[in-house]
Amino acid sequence: MIIEASNLSFSYPSSAPVLEEVSFCVREGEVFAIVGGNGSGKSTLARHLNALIPVQSGTLKVAGMDASDPENTYPIRRACGMVFQDPNNEFVSSVAEEDIAFGLQNFNFPEDRIPQIVSRSLSSVGLAGFERRDPHSLSGGQKQRLAIAAVLALSPKIIVLDEATAMLDPEGRAQVMDLALSLKKQGITVVMITHFVEEAALADRVMVLSLGRVLALGSPSEVLVEKEILKKARLCPLLPTLSYWSLLEEGLVSPSPPPLSEEGLWEAMCR
Ligand SMILES: Nc1ncnc2c1ncn2[C@@H]1O[C@H](COP(=O)(O)OP(=O)(O)OP(=O)(O)O)[C@@H](O)[C@H]1O
Ligand SMILES: [Mg+2]
């Protein structure tokens, strides 16, 4: 297990608990989605995974390292990269290649290796040739891919995307999702935080958070078709699932596991 969280609880100063007894494991190389409504604690949990906030109660191991040991803060940040929601807040330089190089310098990579790592990272996100571009001049999808390149440059074991598609148009979202799913092929574990059930349906496993607690954890086909769980977590079911439920109510399909895809809906209708 590349991430092991056990009974994690957390409160901000003078706030009610934001995470309560959160326990879960992430398997090496999987795409693990975390879904939940606004304020359910997703970003707070993400910041734990990257050692941006300290463990208050419970235990957390990231890439084999105990997150409550301050000596592990920087090794954890290098092993587990983060990409945030707003691509406009992620850049420190007005030149793409310098932005990636900056992260490498922070982690003391040898100067002579940096140019090669920078161009490899840009190529790996489909941005070869964008070395001298101002990040702010890029489209939203390109900005997020650049932010992912900056993380990939550090050769992380895990990448956490905290609603990295939330501000993008459908095309940008598709670009970033395709890239996120392709990272798995490179052996990188992807933790994908999202509001979009469509995106969570593409993960290997999904964890649902509600009011700082784990409401459900399992495969998309187990979790994302549970009416009560979706309702409690304030999530919208997928269109094929909704259509299946309507058809079932009208007696037009026979009971079967609810579908997550259009193909699944079609199969249910043919049965
Ligand atoms: N720095 C902070 N100080 C105090 N309270 C905070 C802080 N950051 C978040 N909170 C509170 O913690 C709770 C959980 O917030 P968090 O950002 O983790 O949720 P989230 O699931 O990521 O929400 P969203 O979907 O809106 O991004 C919220 O009630 C929020 O107001
Ligand atoms: Mg958030």
Side-chain angles (χ1 to χ4, degrees), residues 29 31-34 42-43 46-47 49-52 63 74 76-196 198-199 202-203:
V31 176
F32 186 86
I34 302 177
K42 304 181 297 295
S43 295
R47 284 185 219 123
L49 303 180
N50 190 240
L52 284 172
Y74 279 92
I76 287 178
R77 283 187 197 159
R78 180 156 167 206
C80 179
M82 287 265 297
V83 177
F84 299 93
Q85 180 172 29
D86 187 350
N88 297 306
N89 293 338
E90 302 193 58
F91 307 110
V92 290
S93 167
S94 56
V95 183
E97 64 184 357
E98 286 174 9
D99 203 84
I100 298 178
F102 181 77
L104 292 164
Q105 283 153 353
N106 265 343
F107 282 97
N108 296 318
F109 275 62
E111 279 294 331
D112 57 335
R113 279 189 51 215
I114 290 180
Q116 194 199 348
I117 300 176
V118 168
S119 65
R120 204 179 51 208
S121 318
L122 283 170
S123 302
S124 71
V125 300
L127 290 179
F130 282 66
E131 282 77 1
R132 303 297 302 164
R133 281 286 292 272
D134 179 350
H136 299 98
S137 74
L138 302 178
S139 74
Q142 290 170 337
K143 281 177 185 163
Q144 287 301 53
R145 285 191 283 145
L146 176 59
I148 292 172
V151 170
L152 290 179
L154 302 168
S155 307
K157 291 195 164 76
I158 307 164
I159 180 160
V160 180
L161 304 168
D162 187 358
E163 305 212 36
T165 63
M167 297 177 74
L168 305 182
D169 67 14
E171 192 190 327
R173 270 177 67 192
Q175 286 175 2
V176 171
M177 275 307 290
D178 286 349
L179 175 59
L181 298 173
S182 76
L183 295 176
K184 186 181 150 148
K185 294 189 202 104
Q186 300 173 40
I188 298 174
T189 306
V190 180
V191 176
M192 188 173 70
I193 295 173
T194 181
H195 264 125
F196 298 110
E198 298 93 307
E199 293 181 353
L202 301 173

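Everything numeric in this text was worked out from a predicted model, so none of it was measured.
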Main-chain N/O of Q85 paired with D162 side-chain donor or acceptor, under 3.5 Å
no
Within a radius of less than 6.0 Å around NZ of K157, do more than 12 heavy atoms belonging to other residues, nucleotides or ligands occur?
no
Is there a side-chain contact between E198 and M177 (heavy atoms, below 4.5 Å)?
no
For a quick test of reading the model, state the closest non-hydrogen atom pair linking T189 to G29 and the distance between them.
OG1-N, 2.8 Å
Any side-chain heavy-atom pair of I158 and L49 under 4.5 Å
no
Distance-only donor-acceptor hits, side chain of residues 145-153, under 3.5 Å, sequence neighbours excluded:
| from | atom 1 | to | atom 2 | distance (Å) |
| --- | --- | --- | --- | --- |
| R145 | NE | Q175 | OE1 | 3.4 |
| R145 | NH1 | V125 | O | 2.9 |
| R145 | NH2 | Q175 | OE1 | 3.3 |

Donor-acceptor pairs under 3.5 angstrom involving side-chain atoms of residues 101-108: please list them, not counting sequence neighbours.
| from | atom 1 | to | atom 2 | distance (Å) |
| --- | --- | --- | --- | --- |
| Q105 | NE2 | E111 | OE2 | 3.3 |

Atom CG of L179 and atom CG of L127: how far apart are they, to the nearest 0.5 Å?
9.0 Å
Rounded to the nearest 0.5 Å, what's the gap from CD1 on I34 to CD on E163? Could you check?
11.0 Å
What is the distance from atom OG of S139 to atom CG of L168, rounded to the nearest 0.5 Å?
8.0 Å
Contact between N89 and F84 at the side-chain level, heavy atoms closer than 4.5 Å - yes or no?
no
What distance separates E90 CD from N88 CG, expressed to the nearest 0.5 Å?
9.0 Å
Within the 4.5 Å heavy-atom criterion, are T165 and Q144 side-chain neighbours or not?
no
In Å, rounded to the nearest 0.5 Å, how long is the span from CD1 of I114 to CZ of F109?
8.0 Å
Nearest 0.5 Å please: distance from the CG atom of L161 over to the CD atom of E199.
9.5 Å
Considering non-hydrogen atoms only, spot the tightest contact between A128 and E131 and give its length.
C-OE1, 4.2 Å
With heavy-atom distances below 4.5 Å as the criterion, would you say the side chains of S182 and K185 are in contact?
yes
Enclosure of Q186 CD (heavy-atom neighbours >12, cutoff 6.0 Å):
yes
Looking only at heavy atoms, the pair that brings A33 and A203 closest together is CB-CB, 3.7 Å
Kindly say whether C80 contributes a backbone atom to a donor-acceptor pair with the side chain of N50 at under 3.5 angstrom?
yes
Smallest separation among heavy atoms of A46 and M82, with atom names:
O-SD, 3.8 Å
For E98, check side-chain hydrogen bond (donor to acceptor under 3.5 Å, both in side chains) against everything at least two apart and list the hits.
S93
Shortest non-hydrogen contact from I76 to A51?
CG2-CB, 3.9 Å
Check whether any side-chain heavy atom of V31 lies under 4.5 Å from a side-chain heavy atom of L202, and answer yes or no.
no
